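Note that the structure is predicted; figures quoted are calculated from it, not measured. Every chain is numbered from 1, with letters handed out A, B, ... down the list of sequences.
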Protein chains: 2
Amino acid sequence: MQEAFNDPENFTPRQRAVLDRALGLLMEGGERALTTAGLARAASCSKESIYKWFGDRDGLLAAMIAHQASKVRAPSDDGSALDLARFRARLVDFADDLLHVLGGDVSLALNRLAIGQASREGSRLGQLLIERGRRGIDRRAGALLETGRRRGLIDYRDRDAAYHTLYGLIVRDLHVRMLLGEPDARKPEAFRSLAEEAIAQFFVLFGVRDTKKADPA
Amino acid sequence: MQEAFNDPENFTPRQRAVLDRALGLLMEGGERALTTAGLARAASCSKESIYKWFGDRDGLLAAMIAHQASKVRAPSDDGSALDLARFRARLVDFADDLLHVLGGDVSLALNRLAIGQASREGSRLGQLLIERGRRGIDRRAGALLETGRRRGLIDYRDRDAAYHTLYGLIVRDLHVRMLLGEPDARKPEAFRSLAEEAIAQFFVLFGVRDTKKADPA
DNA sequence: GCGACTACGTACCGTACGGTACGGTTCTTC
DNA sequence: GAAGAACCGTACCGTACGGTACGTAGTCGC
């Protein structure tokens, strides 16, 4: 019955505050800094309450992921009319958002936590992170691509394959480098130009040919 | 003077054997399974020797990375004459190798270890992993790309940018998913086709147009 | 006002780990 | 063959953490 602890809908405001404090501790000092005693002290609650609410330490970690995921609301994709320029701008925004999300403190801390636990057998944190965190982004991008294809702005055979290519063009090896703590990888001021270049390349691969093709030669 | 411990050239065969056993423990059960007492028991050595050889636990981890990196020898890039087909095959091989390396047990275990430690302030494991592990791959790919460009098979403005794009096309989000423990991401039997598709896309972006351009329309 | 409930703070327990010390054994070297 | 170094096995120490138990203080319903 540990699942009952993981439903962010049932979290009380007090519990959410404690989970936020836990995320803060995790961001500051990593997993080692997130101890039940330390969290109880930092959040001014008792260890007993923590265990009562979340079961055990793994339940707490899972609840943190669920809680954080519940805070992120994907911007609703209004199906307004898209011309090529607007569609391209939407893709650039998506790419920029993606880089900022992946490079955010909370995302990096949670991914480091889940990856650190991934070697352990019974750990479902990785799955949980993918399901709760990535699914939303994937769906948002998938819908965007689908819209672009229906409007004849891009074309592809396999939507998932196209999305994975888009993801690779945007993120490259930046995510892992940021996870490893390489300072050069975390340059939010560079994300915009990276996003624009990635989308330009994506259009070369999947764009429908148009009359305004620049041809340097 | 901890640096002295990290030079794999100075490791004795006995020390290498211990480091191999440590890598084995790390692969089996993650960082939690790699304790000094456990390693001493598994490798039939004394804890005192471990501390004498590697300084402390962090020194041991660094030595493991250095040791593993020293085992990987990049295949020497013989500058034989390359036509397009051979160059393309070389790139596919590189992509296939890259996916197999990143998805290997040792690589995943070491990356998980370094990422788990990345939040800690003084941790240089991430840097060490990038320097010792990735530099070789990067140089190999860079040389390959440079050769292709000199032969007029591909073209690019910025070699590093081209390489990063190549990396993104090959790896996509597979590395992080494998690090998170997603079973679907680790399908070595699928790596070859992924590699071929990535190289095909790379040629669309950076290939020099030739007469045999297939044009569906 | 009173019981039932919840939560806070603290103290406590068992365990496990990093690191050190020491006696005994094997191997090298002269 | 003796001196000395390297190493193994084990025992030991201090600490820190996960998890539990308990005494107390609010709070809500009646």
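Remark: C1' of C/dA16 and CG of B/Leu34 are 15 Å apart, rounded to the nearest angstrom. Rounded to an integer number of Å, the gap from A/Leu39 CG to D/dG19 P is 13 Å. Counting to the nearest Å, the P atom of C/dG9 and the CD1 atom of A/Ile50 are 11 Å from each other. Computed from coordinates, the B/Phe54 CZ to D/dA6 P distance equals 15 Å when rounded to whole Å. To the nearest angstrom, P of D/dC8 lies 10 Å from CD of B/Gln15. A straight line from CG of B/Leu25 to C1' of C/dC17 spans 15 Å, rounded to a whole angstrom. C/dG18 atom C1' lies 14 Å from atom CD of B/Glu48, rounded to whole Å. In this structure, B/Leu61 places its CG atom 10 Å from P of C/dG19, rounding to the nearest Å.
Here the shortest heavy-atom pairing between A/Val171 and A/Leu99 reads CA-CD2, 4.2 Å.
The residues A/Arg192 and A/Glu197 are annotated as not salt-bridged, no charged nitrogen and carboxylate oxygen being separated by less than 4.0 angstrom.
For B/Ser49 and A/Thr35, each mapped to the nucleotide of DNA chain D holding its nearest heavy atom, the one lying further toward the 5' end belongs to B/Ser49.
In this structure, the side chain of B/Arg186 engages the main chain of B/Gly103 through a donor-acceptor pair within 3.5 Å. The backbone N or O of B/Leu129 sits nowhere less than 3.5 Å from a side-chain atom of B/Arg134 that would complete a donor-acceptor pair. With hydrogens and angles disregarded, a donor-acceptor distance shorter than 3.5 Å links the side chain of A/Arg16 to the backbone of A/Phe11.
A donor-acceptor contact under 3.5 Å is formed by the side chain of A/Lys47 with the base of D/dG19.
For the OP1/OP2 pair of D/dC7 and a distance below 4.0 Å, the side-chain nitrogens and oxygens of B/Trp53 include at least one atom meeting the criterion. For B/Arg14, no side-chain nitrogen or oxygen approaches OP1 or OP2 of D/dA6 to under 4.0 Å. Close to C/dG18, at under 4.0 Å from its OP1 or OP2, lies a side-chain N or O of B/Thr36.
Of all nucleotides listed (D/dC7, D/dG9, C/dC8), D/dC7 comes nearest to the side chain of B/Lys52. For A/Arg57, taking side-chain heavy atoms from C-beta onward, the closest of the listed nucleotides D/dC22, D/dG19, C/dA21 is D/dG19.
Looking at heavy-atom distances under 4.0 Å, B/Arg41 makes no contact with the nucleic acid at all.
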